[in-house]
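Note that ligands are numbered from 1 as they come in the structure, with each ligand's atoms numbered from 1 the same way.
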Amino acid sequence: MFIIKLGGSVITDKTKKQTFKQTTTDRLSMEIKKANKEIIIVHGAGSFGHIPAKEYKIDEGYKDLNQIKGFSVTHEMVQTLNSLVLRSLHEHGIPGVSISPHSTVKLDNHEIAKMDFQVFKEYLEKKFVPVTFGDVVLDKKIGFSICSGDLLMDALAGYFKPEKAVFVIDEDGLYTSNPKIDENAEFIESTTLDKLEKLTVQDDKHVDVTGGMAGKIKAIKNILNHGVDVVLVNGNKPGRLYNVLVGEDTVCTILYGR
Ligand code: IP8
């Protein structure tokens, strides 16, 4: 089994409000279908979720009444993106079913305190493809907060122990520094948790309420600690996700779990 995260910067244009990348998502759906593996899909919120979540400071927890509107607006946005992803999957023969974190996950100070894994299990047993996504969620300590797709990847990888946890991103993989701002950044083909600990990660200026690459690295370290291998692959390059899923050589970064 594979757990795949379709990054928000791959399926949307992160700089423009609610801009869905239909062609890219359709191609990725096609690659997933062709690979014919048991999968769970997680997707990011991109410009549908991060913009309103930032505006209403949802990640800081409940502070004022205006955020109630912000929470529901953000939820509506990510649910809209989820419908677009689901439609793309369905049109390419993938029986995706949506599992919304806001009603199946409970956070405690930004960490997952409770998650309904059983519902994923039952859908998988019936040959559906569970699809979940970065969402706004109730939080025991701070009222509400954001549950990122990376947090969901960590929790799902810990429970299901997939063959690989695959992050589909808008870069070829991991670099020694941020290639968007450092031309001397060196590409890392494969690495381990110990080497990853030594990397410092610099983010670019995307609107990202869940910590961008730094947040992703934290989730990746946890996944490696679950003993699960992680792959980072460029979703903008045709065929690479398919190659990862079927075990063909391709440009990507592989991180070995322990
Ligand atoms: O794009 C963020 O999820 P991510 C979810 O996976 C919201 O970090 C609501 C901004």
Polar proximity ligand 1 side, H50 side, N/O cut 3.5 Å exclusive: yes
Quick one: do the D194 and T192 side chains pair a donor with an acceptor below 3.5 Å?
-> no
Counting heavy atoms under 4.0 Å, the part of T74 that contacts ligand 1 is side chain
Note to self: Is there a polar contact between ligand 1 and A45, counting only N or O atoms under 3.5 Å apart?
What the structure shows: yes
Would one find an N or O of K5, backbone or side chain, under 3.5 Å from an N or O of ligand 1? yes
So the atoms of ligand 1 within less than 4.0 Å of a heavy atom of G134 turn out to be 3 (O), 5 (C)
Original post:
Do you reckon V137 sits in the same ILVMFWY cluster as M115, going by side-chain contacts under 4.5 Å, direct or chained?
Top reply: yes
Separation between CG (L81) and OG1 (T19), nearest 0.5 Å, reads 10.5 Å
Check: S148 side chain to L151 main-chain N or O, any donor-acceptor pair under 3.5 Å?
Finding: yes
TODO: Please indicate whether any nitrogen or oxygen in V136 is less than 3.5 Å from any nitrogen or oxygen in ligand 1.
DONE: no
Quick one: side chains of residues 237-249, donor-acceptor pairs under 3.5 Å with protein atoms, not counting sequence neighbours, listed by atom name and distance.
{"from": "R240", "atom 1": "NH1", "to": "D172", "atom 2": "OD1", "distance (Å)": "2.8"}
{"from": "N243", "atom 1": "ND2", "to": "G239", "atom 2": "O", "distance (Å)": "3.3"}
{"from": "N243", "atom 1": "ND2", "to": "T250", "atom 2": "OG1", "distance (Å)": "3.4"}

A student checking ligand 1 against G149 at a 4.0 Å heavy-atom cut-off should list atoms 3 (O), 4 (P), 6 (O)
If we number the atoms of ligand 1 from 1 as shown, the ones under 4.0 Å from a heavy atom of G49 are 10 (C)
Checking V233, L232, N236 against V168 for side-chain contact (heavy atoms from CB on, under 4.5 Å), the one that qualifies is V233
So for H43 against ligand 1, with non-hydrogen atoms under 4.0 Å, the contacting part is neither
* Kindly assign one of parallel, tilted or perpendicular to the pair F117 and F160, based on the angle between their ring planes and the thresholds 30° and 60°. => perpendicular
